[in-house]
J.: 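If you scroll down you'll find the structure; I have some questions about it.
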Amino acid sequence: MFTGQYPLARNRRMRSDAWSRSLIQETQLLPQNLIQPLFIVEGQNQRIDIPSLPTVQRYSVDVAVDVAKEAEALGIPCVAIFACVEASDKSEDAQEAWNPNSLACRAIHAIKQACPNLGIMVDVALDLYTTHGHDGLVVNNSVHNDKTIEALIKQGLNYAHAGADALGPSDMMDGRIRGLREALEDDHFYDTKIFSYTAKYASALYGPYREAVGSSGTLAGASKLTYQQDPANLQEALREAQQDIQEGADMLMVKPGTFYLDVIQLLKQTYQMPLLAYQVSGEFAMIQAGSSLGYIDGKRVMLEALLSLKRAGCNGILTYGAIDVAKDF
Ligand code: PBG
């Protein structure tokens, strides 16, 4: 890169007026870049606070439909469904995950009926359905890769039949994209998208989410390091991405977001694939906490965090604040 010499060149000249600042702005954050995750609970007319995730609530299906309509009206293209599965529906083999009448399926179906043009993404992993809270099936104290894929295929097809537009495998098993893709093709779901959690790290930032869906108690401190990536690793994300692209993923995802901007940048520059970032619960909760203590201006920090994800190279962002942010545009 070459730049002129002061005082002939003054970088502040273009910053001196609002119009010239706007002319050279390199990155824009728009409602169309955002995906709103929705936590779903049983019942009617339910809006339940989540203590560790201020401003975020769990909704019953009827309320979630209204919130989805609100998101769509604000220009948000997609919502992501997370079912808070009742303890009595959890099991060792996660069979509720392929129940066509499950809470997740009822939510997908109801939102699709009300908002046929809104994208519906849904997490594909077993953590919401297993008593132990792992994303896969446990055999001899270890999460079994290939048996888990068989279960994920049943789960993914179940959601596709319910009306899901995009499956979001967040389990980090090897070969799960191919398994899901081949099963979708076989069932004629040619346009069902796969938004793969490609580089998902074994992060300490998922705590509030696990509380929100009620999987933290059961996981009892067990780590997901045998399947999620070590936060120390960057190169490994390239191998994960290559595998997901070859197996038929439509978008890749990096998760968490702001602590992993280098991963976002590298994946975008290397593969030029559509890319998502997930601003996870811990990132979101830290901003909310700092804001409510009066240490930071939460609204501005939120916009800055999301903008940094776009600047690093992602096209879309899952954030619990999608609707609130879109309201301010
Ligand atoms: C489950 C899943 C997790 C999140 C999304 N899907 C948690 C985990 O892997 O333990 C975390 C989202 C968040 O923290 O906001 N596979």
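Just follow the structure's listing: the first ligand is 1, and inside any ligand the first atom is 1.
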J.: Can you list the atoms of ligand 1 that are under 4.0 Å from a heavy atom of Tyr278?
T.: 12 (C), 15 (O)

J.: Are any of the side-chain heavy atoms of Asn158 and Cys105 separated by less than 4.5 Å?
T.: yes

J.: Should we count CD of Glu70 as having more than 12 external heavy atoms under 6.0 Å?
T.: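 Yes.
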
J.: Would you tell me which option among Pro37, Ser203, Ser170, Ala80 has the nearest heavy-atom contact to atom 16 (N) of ligand 1?
T.: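 Checking each option, the heavy atom nearest atom 16 (N) of ligand 1 is found in Ser170.
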
J.: Considering the heavy atoms of Gln228, write down every atom of ligand 1 situated less than 4.0 Å from one of them.
T.: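 This gives 8 (C), 9 (O) as the contact atoms.
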
J.: Would a 4.5 Å heavy-atom cut-off, applied to side chains only, mark Lys224 and Asp135 as touching?
T.: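 In contact.
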
J.: Is there a side-chain contact between Gln243 and Glu247 in this structure, where contact means two heavy atoms from C-beta onward sitting under 4.5 Å apart?
T.: yes

J.: Taking the six-membered ring for Trp, are His188 and Tyr190 closer than 6.0 Å centroid to centroid?
T.: yes

J.: Could you list the atoms of ligand 1 found under 4.0 angstrom from a heavy atom of Lys255?
T.: 2 (C), 3 (C), 4 (C), 5 (C), 6 (N), 11 (C), 12 (C)

J.: Between Phe284, Tyr209, Phe82, flag the one that comes closest to atom 13 (C) of ligand 1 by a heavy atom.
T.: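 Of the listed residues, Tyr209 has the closest heavy atom.
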
J.: Any atoms of ligand 1 less than 4.0 Å from a non-hydrogen atom of Asp123? List them with their elements.
T.: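 So the answer, numbered in order with elements, is 1 (C), 2 (C), 6 (N), 16 (N).
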
J.: May I ask whether Tyr320 has any heavy atom positioned less than 4.0 angstrom from an atom of ligand 1?
T.: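 So Tyr320 counts as touching ligand 1.
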
J.: Which ligand 1 atoms are under 4.0 Å away from a heavy-atom of Ala125?
T.: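 Heavy-atom distances to Ala125 below 4.0 Å select 16 (N).
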
J.: Under 4.0 Å, heavy atoms only, figure out whether ligand 1 is touched by the backbone of Asp135, its side chain, both or neither.
T.: side chain

J.: Show the atoms of ligand 1 that are less than 4.0 angstrom away from any heavy atom in Arg210.
T.: 8 (C), 10 (O)

J.: Only heavy atoms of Lys224, strictly under 4.0 Å: list the atoms of ligand 1 that pass.
T.: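 Result: 8 (C), 9 (O), 10 (O).
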
J.: Contact between Gln279 and ligand 1, counting heavy atoms under 4.0 Å?
T.: no

J.: Taking the side chain from His132 and the backbone from His134, do they hold a donor-acceptor pair closer than 3.5 Å?
T.: yes

J.: How about Tyr278 and Phe284: are their ring centres within less than 6.0 Å of each other?
T.: no

J.: So, for Phe259 and Tyr201, is the gap between ring centers shorter than 6.0 Å?
T.: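 They do not qualify: ring centres at least 6.0 Å apart.
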
J.: Under 4.0 Å from any heavy atom of Asp127, which atoms of ligand 1 are there?
T.: 1 (C), 2 (C), 16 (N)

J.: Would Lys200 count as a contact of ligand 1 if the rule is a heavy atom under 4.0 Å away?
T.: yes

J.: Is it possible for you to check whether Lys200 lies under 6.0 Å from the centre of the six-membered ring of Tyr260, through NZ or CZ, and within 45° of that ring's axis?
T.: no

